[in-house]
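Below is one structure, written out as structure tokens; comments come after it.
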Amino acid sequence: MTLPVAQHQTEIEQNLRSWQAKPLLQEIYAGFYRRILSLIDPAIPGKIVELGSGIGNLKTYLPDALTTDLFPNPWLDLVCDAYELPFPNRSLSHLVLFDVFHHLRAPAAFLHEASRALAPSGRVILFEPYISWTSQLAYGLLHHEPVAWREQINLNDTPPPRDYYAAQGNATRLFFRKEIHGWPPGWNIFRAEAFSCFHYLLSGGYSKPTLYPARCLNALRRIDVTLSRWPRIFGGRCLIGLTPEQL
């Protein structure tokens, strides 16, 4: 999927309107951010930076984090490109990417740059779609971004042209199906967890109508806890933690 890079800003503006109009979505994402915060280690020295912050919600839960994106918006701290991070060597403790990894046309090029900027024990935290037997229907039929299940993944270390790219299946393919043996080289995967999230999928996300009343959220969350025992069948989201290998 190739569109002008300005498509990112168009989606940010659309997402902001949806966020303000859907309190249920805000509550769902609060749970997602709690999962991300569980991988933050405050003992690691350096700044916490979120890449592709969009509407900037991480600061609600992690006020000291630096929020960034490709385009300036008043709620963000700075404009930042994932392939050319404007930070000194070994100056960052964490890089957080919420629904950003599948927009990286060259994920290896990003990880190469991340390894430069992160402290020796620093972490990359990814929160991504997970493609299971059931969620593939939702992501494939109801979402405008392609799953790209059989498309070749660019594993070059060279930063690609800056355009709009999306392949929702990339995290599942690389970290769970392990289509590329030993990937990513030079990194340890300390967390790779997929879980059911029908409470999110049925909410309609940012772009579709909500299919259940807000009072049913906790009941659906409990169902998701049970269904998460079988992520290959019912998984819909995943959390991944990476840290550079020590030389």
Side-chain angles (χ1 to χ4, degrees), residues 1-36 50 52-61 67 69-71 73 75-76 97-103 126-149 164-172 193-228 230-239:
M1 180 179 186
T2 302
L3 294 169
V5 70
Q7 177 67 20
H8 284 297
Q9 178 63 15
T10 299
E11 293 186 4
I12 288 171
E13 294 169 358
Q14 294 170 346
N15 289 348
L16 181 59
R17 291 191 292 270
S18 296
W19 181 263
Q20 293 169 341
K22 295 181 74 169
L24 175 64
L25 191 63
Q26 298 176 30
E27 178 59 27
I28 291 169
Y29 270 67
F32 291 164
Y33 281 112
R34 285 192 289 269
R35 288 181 180 269
I36 290 172
E50 183 183 30
S53 300
I55 59 177
N57 295 321
L58 180 63
K59 273 192 178 293
T60 302
Y61 309 94
T67 52
D69 214 305
L70 294 172
F71 299 92
N73 281 301
W75 53 83
L76 301 177
L97 290 78
F98 193 129
D99 281 343
V100 171
F101 183 80
H102 68 273
H103 288 295
L126 310 176
F127 196 91
E128 282 290 305
Y130 178 84
I131 310 302
S132 66
W133 294 357
T134 53
S135 71
Q136 185 169 4
L137 296 173
Y139 290 125
L141 298 177
L142 302 178
H143 201 288
H144 69 282
E145 296 172 359
V147 172
W149 205 231
Y164 183 94
Y165 168 84
Q168 294 184 91
N170 280 3
T172 308
E193 173 190 8
F195 46 91
S196 176
C197 66
F198 285 101
H199 69 283
Y200 164 70
L201 296 175
L202 296 176
S203 77
Y206 284 99
S207 60
K208 298 292 188 294
T210 303
L211 299 181
Y212 66 91
R215 66 178 180 274
C216 295
L217 174 60
N218 288 335
L220 285 172
R221 278 176 165 162
R222 289 192 293 270
I223 292 171
D224 278 328
V225 169
T226 300
L227 295 180
S228 292
W230 306 281
R232 291 186 180 183
I233 301 174
F234 299 113
R237 282 289 194 169
C238 61
L239 179 66

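Computed from a prediction, not measured in an experiment: that's the story for all the values here. In what follows, every heavy atom counts, from backbone to side chain, and hydrogens, waters and symmetry copies are set aside.
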Item checked: Considering all heavy atoms, the nearest Ala138-Leu201 contact -> CB-CD2, 4.2 Å

Item checked: 4.5 Å side-chain heavy-atom contact, Arg232 and Thr172 -> no

Note to self: Return the NE2 to CD distance between His103 and Glu11, rounded to the nearest 0.5 Å.
What the structure shows: 6.0 Å

Next item on the list: State the OH-OG distance between Tyr130 and Ser196, to the nearest 0.5 angstrom.
Entry: 11.5 Å

Margin query: With side chain to side chain donor-acceptor pair (under 3.5 Å) as the criterion, how do Tyr164 and Glu145 come out once you've worked through the C-alpha distance, each side chain's angles and the decisive distance to 0.1 Å?
Written below: CA-CA 11 Å; Tyr164 183 94; Glu145 296 172 359; 3.2 Å; yes

Notebook entry, point to check: Taking C-beta and beyond as the side chain, do Thr67 and Trp75 meet within less than 4.5 Å on heavy atoms?
Noted result: no

Note to self: I need the Ser135 OG to Ile233 CD1 distance, nearest 0.5 Å.
What the structure shows: 12.0 Å

Item checked: Considering all heavy atoms, the nearest Gly205-Lys22 contact -> O-NZ, 2.7 Å

Check: Is any side-chain heavy atom of Tyr200 less than 4.5 Å from a side-chain heavy atom of Tyr29?
Finding: yes

Next item on the list: Write down the atom of Pro129, the atom of Ala171, and the distance for their closest heavy-atom approach.
Entry: O-CB, 4.4 Å

Notebook entry, point to check: When you measure from the side chain of Ser132 to the backbone N and O of Gly236, does any donor-acceptor pair fall under 3.5 Å?
Noted result: no

Check: Do Asn57 and Phe98 touch side chain to side chain, with heavy atoms closer than 4.5 Å?
Finding: no

Next item on the list: Return yes if some donor-acceptor pair links the side-chain N/O of Ser18 with the main-chain N/O of Tyr206 below 3.5 Å, else return no.
Entry: yes

Margin query: Would you say the rings of Tyr61 and Phe32 are close, in the sense that their centroids are separated by under 6.0 Å?
Written below: no

Notebook entry, point to check: Checking Lys59 side chain against Leu76 main chain: does a donor-acceptor pair fall under 3.5 Å?
Noted result: no

Notebook entry, point to check: Atom SG of Cys197 and atom CD1 of Ile223: how far apart are they, to the nearest 0.5 Å?
Noted result: 13.5 Å

Next item on the list: Could you check if a side-chain atom of Tyr33 sits within less than 4.5 angstrom of a side-chain atom of Leu58, using non-hydrogen atoms only?
Entry: yes

Note to self: Please report the interatomic distance CG(Leu25) to CD(Gln20), rounded to the nearest 0.5 Å.
What the structure shows: 12.0 Å

Notebook entry, point to check: How far apart are the closest heavy atoms of Gly52 and Asp69, and which atoms are they?
Noted result: C-OD2, 3.3 Å

Next item on the list: To the nearest 0.5 Å, tell me how far Arg237 CZ sits from Asp224 CG.
Entry: 12.5 Å

Check: Do Leu24 and Tyr212 have side chains that get closer than 4.5 Å, going by heavy atoms?
Finding: yes

Notebook entry, point to check: If you look at every heavy atom in His102 and Gln168, which pair is closest and at what distance?
Noted result: CB-CA, 3.9 Å

Note to self: Looking at Glu128 and Val100, would you say the former's side chain and the latter's main chain have a donor-acceptor pair under 3.5 Å?
What the structure shows: yes

Margin query: How close do Ala148 and Ala167 get, counting heavy atoms only, and between which atoms?
Written below: CB-CB, 3.6 Å

Notebook entry, point to check: Does a sphere of radius 6.0 Å around CH2 in Trp133 hold more than 12 heavy atoms from other residues, nucleotides or ligands, not counting ones at 6.0 Å or beyond?
Noted result: no

